[in-house]
2 protein chains.
Amino acid sequence: MTKENPQAEKHDLSRYPRPSVTVDVVIFTIMADDLRVLLVQRKAEPFRGVWAIPGGFVHIDEDLLAAARRELEEETGLRGVYLEQLYTFGEPDRDPRSRVITVTYFALVSTDLLRGQQLRATTDAQAVQWFSMYDLPDLAFDHARILDYALTRLRGKLDYTNIVSELLPEEFSLSELQRYHEIILHRPLDKRNFRKKMEPRYARDGSPLANDPSPLLETGKKRMIGTHRPARLFRYKDKSRVD
Amino acid sequence: MTKENPQAEKHDLSRYPRPSVTVDVVIFTIMADDLRVLLVQRKAEPFRGVWAIPGGFVHIDEDLLAAARRELEEETGLRGVYLEQLYTFGEPDRDPRSRVITVTYFALVSTDLLRGQQLRATTDAQAVQWFSMYDLPDLAFDHARILDYALTRLRGKLDYTNIVSELLPEEFSLSELQRYHEIILHRPLDKRNFRKKMEPRYARDGSPLANDPSPLLETGKKRMIGTHRPARLFRYKDKSRVD
DNA sequence: CCAAAAGTGTTATGCTTACACCCATGC
DNA sequence: GCATGGGTGTAAGCATAACACTTTTGG
């Protein structure tokens with residue numbers, strides 16, 4: 001209380017210990033036909049040797065989002081990635097050592113961005129590794145709950161945002177787009193219905209329809225892989241924005 | 001960084017100053033045909049005399065939600081109220097004095113609960129007052145943005161949750177329910193379409209329909225006010241739950 | 001019988017779901 | 001011509017949106 005009174009505030013601030021504030025970043029990607037999350041193996045107690053979501057302390061003059069970006073970059077070397085605040089967890093005993101409040105974020109990185117990037121072994125981790133969301137190891141602290149929450153949020157946003165565009169390469173076929181949705185939702189989707197919803201519509205003369213609700217743009221290019229009919233390629237009209 | 005290394009952690013924690021953590025609680029109610037929010041007038045600098053969202057420091061062993069409940073009770077005397085975490089704001093300069101990270105919540109209190117409750121003048125506030133969301137004073141810090149965010153969230157949840165039940169009395173007519181929706185959305189709704197969506201459906205013999213999607217239960221009671229046709233009264237089958 | 005709010009139905013449009021076969025390509 | 005993934009249409013059911021008059025009550 002008494003944030004509103006500077007005198008009382010000084011009082012409070014000197015008398016009462018402050019909690020530590022960390023950011024933890026749930027980093028998702030799609031890889032090998034699977035939804036994966038980046039975890040680090042803890043080098044020290046508590047939970048030594050146990051896998052955990054990467055994260056760390058917020059610096060005193062650092063924005064929360066900036067701290068999340070920094071953590072992400074430390075682990076993956078990546079910048080300019082989609083990040084969204086998830087939730088703030090602050091149960092007093094979530095860290096057995098001391099009071100730690102963690103502001104969680106989730107990041108979506110496309111296979112494109114990841115290509116050629118090395119995962120970095122940071123000083124506080126024995127190892128860094130991608131895990132399937134559908135086959136997770138035991139996790140430190142309340143991190144299982146955080147992953148759960150992140151997955152729910154990701155799924156929830158799938159069908160009313162462009163969020164999947166952050167995981168896809170710039171250009172993709174409708175089958176690939178559908179596959180990404182299926183991997184995230186973890187269930188099969190009907191091909192014709194999916195296309196009906198996603199595909200751009202054209203007027204009779206082939207010109208782009210004015211009030212087309214589709215988020216996609218047909219590039220005109222085709223992709224040939226293997227020995228079958230080539231697929232048309234699409235792009236998202238707009239990339240999703242951070243919340 | 002280095003949260004994972006206890007030695008490095010001690011280092012960090014002693015070397016680096018920690019931010020203060022507060023909770024701010026956006027308290028909504030519906031009153032006099034209007035959506036209102038509870039604000040306090042600051043007694044001290046900065047922003048002395050300016051209106052602000054009630055809030056205060058999180059105690060070192062106190063859960064975030066518990067801190068929000070405490071703030072709420074300090075201002076309104078109310079317990080057992082719907083509270084939901086909104087967002088965490090942590091720009092380094094959002095408080096000119098020092099680094100303050102605020103975890104925001106929103107609370108929904110029904111006119112029923114409020115009846116007979118006194119607003120309390122706390123030590124750090126000159127005054128406490130309900131303001132119309134549609135006619136707000138200037139606000140301290142980034143509080144205008146927080147209110148904005150809270151309103152967006154409330155509106156977004158209106159049509160896929162039972163959240164409005166937290167603002168209503170136990171029993172209400174369809175007209176009242178519609179009025180609450182209109183007040184929150186700040187636009188008129190079609191009466192027949194609204195009822196089609198909300199009203200319970202019955203089989204031909206008048207028995208309650210098995211797969212009725214309506215969230216409402218007809219109580220059988222009627223309410224007579226004034227000199228016109230009495231309205232049927234309804235209840236929500238389930239109350240909404242905290243996120 | 002008047003004032004006031006409660007209550008009520010239809011049509012058009014568009015989204016959702018379920019479902020099975022033909023097409024284009026390289027070899 | 002075959003293997004492989006790309007590509008297509010229709011019908012039923014359901015939600016949405018627009019729109020105006022009748023019913024019930026107390027005084």
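Order of the sequence lines fixes the chain letters, A, B, ..., with proteins taken first and strands second; residue numbering starts at 1 for each chain.
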Separation of atom CE in Met198(A) from atom P in dC15(C), rounded to whole Å: 14 Å
Which listed nucleotide (dT8(C), dT25(D), dC19(C)) is nearest to the side chain of Asp190(A)? dC19(C)
Of Arg201(A) and His228(A), the one whose closest DNA chain C nucleotide lies more 5': Arg201(A)
What about Tyr236(A) and Phe172(A), are their ring centers closer than 6.0 Å? yes
Reckon Lys191(B) touches a base, only the sugar-phosphate, or nothing at all at heavy-atom distances under 4.0 Å? base
I'd like to check Leu114(A) versus Trp130(A) (side-chain heavy atoms, cut-off strictly below 4.5 Å). Are they in contact? yes
Which nucleotide sits closest to the side chain of Arg192(A): dA20(C), dG7(D), dG7(C)? dA20(C)
Check whether the side chain of Lys196(A) and the base of dT10(D) form a donor-acceptor pair under 3.5 Å. yes
Between dG7(D) and Arg195(A), is there an OP1 or OP2 to side-chain N/O distance shorter than 4.0 Å? yes
Heavy-atom donor-acceptor pair, Gln85(B) side chain to Thr88(A) backbone, under 3.5 Å: yes
Asn193(A) has a side chain; which of dT25(C), dA18(C), dT4(D) sits nearest to it? dA18(C)
With the threshold set at 4.0 Å, does a side-chain nitrogen-carboxylate oxygen contact exist between Arg70(A) and Glu74(A)? yes
Tell me whether the OP1 or OP2 atom of dT8(D) has a side-chain N or O from Arg232(A) closer than 4.0 Å. yes
Between dT10(C), dA5(C), dG6(D), which one does the side chain of Arg229(A) approach most closely? dG6(D)
Arg187(B) CZ to dA18(D) P, straight-line distance once rounded to whole Å: 10 Å
Axial bend angle, the helix from dC1(C)-dG27(D) to dC27(C)-dG1(D): five-pair end segments, nearest 10°: 20°
Please name the residue in the list Arg232(B), Arg192(B), Lys191(B) that meets the salt bridge (charged side-chain N to carboxylate O under 4.0 Å, His left out) test with Glu199(B). Arg232(B)
dC27(C) OP1/OP2 closer than 4.0 Å to side-chain N/O of Thr227(A): no
Glu182(B) vs Arg179(B), test: salt bridge (charged side-chain N to carboxylate O under 4.0 Å, His left out). Steps then yes/no. CA-CA 5 Å; Glu182(B) 290 175 336; Arg179(B) 194 73 199 108; 3.1 Å; yes
Apply the salt bridge (charged side-chain N to carboxylate O under 4.0 Å, His left out) test between Glu171(B) and each candidate in Lys221(B), Lys222(B), Arg223(B); give the one that qualifies. Lys221(B)
NA contact type, Gln178(B), heavy-atom cut-off 4.0 Å: base, sugar-phosphate, or nothing? nothing
